[in-house]
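Note that the structure is a prediction, hence the values are computed from the model and not measured. Side chains are part of it too, since the values below use all heavy atoms of this structure and drop only hydrogens, waters and symmetry mates.
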Amino acid sequence: MNPDADGLRQVLKALPDAVLFYSARTASCFEAMVGKNLAILADATAVALSGKVAASLKGPWRRIAQSATPDEAGMLKALETLNLSRKRA
């Protein structure tokens, strides 16, 4: 399945400021699902559990942040330290 950009916006309701990825497989599957419409996430930040997860992300993310520790606490800390104050449409 490769939904169009309008369909993705409807599913997401509002585009996310950040997306958390706990595995390289999840990151790859997410990007494959979004497919050719990945550009709609260009203003979002990807937060990766590890360097391996970060390396699996293809883009065009605004930025890719990596957790300092490979656990939930590290992911939430990385998310907390980001400046996610982009304007909503």
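- Distance alone, capped at 3.5 Å, is enough to place a donor-acceptor pair between the Ser28 side chain and the Ala24 backbone.
- At a threshold of 4.5 Å between non-hydrogen side-chain atoms, the residues Phe21 and Met75 do not count as touching.
- The backbone N or O of Ala54 sits nowhere less than 3.5 Å from a side-chain atom of Gln66 that would complete a donor-acceptor pair.
- Summarising the geometry, atom OG1 belonging to Thr45 is positioned 10.5 Å from atom CG belonging to Leu20; distances are rounded to the nearest 0.5 Å.
- Interatomic distance, Glu31 CD to Leu41 CG, rounded to the nearest 0.5 Å: 8.5 Å.
- The side-chain heavy atoms of Pro60 and Leu38, taken from C-beta on, include a pair separated by under 4.5 Å.
- The CG atom of Asp43 sits 9.5 Å away from the CG atom of Asp17 when rounded to the nearest 0.5 Å.
- Side-chain contact between Val47 and Ile64 is absent, with no heavy atoms from C-beta onward closer than 4.5 Å.
- When all heavy atoms of Gly74 and Thr69 are compared, the pair lying nearest together is CA-OG1, 3.3 Å.
- In this structure, OG in Ser67 is found 8.5 Å from OH in Tyr22, a value given to the nearest 0.5 Å.
- Across all non-hydrogen atoms, the minimal contact from Leu49 to Pro70 is CD1-C, 3.4 Å.
- When every heavy atom of Pro16 is checked against every heavy atom of Ala44, the shortest pair comes out as O-CB, 3.4 Å.
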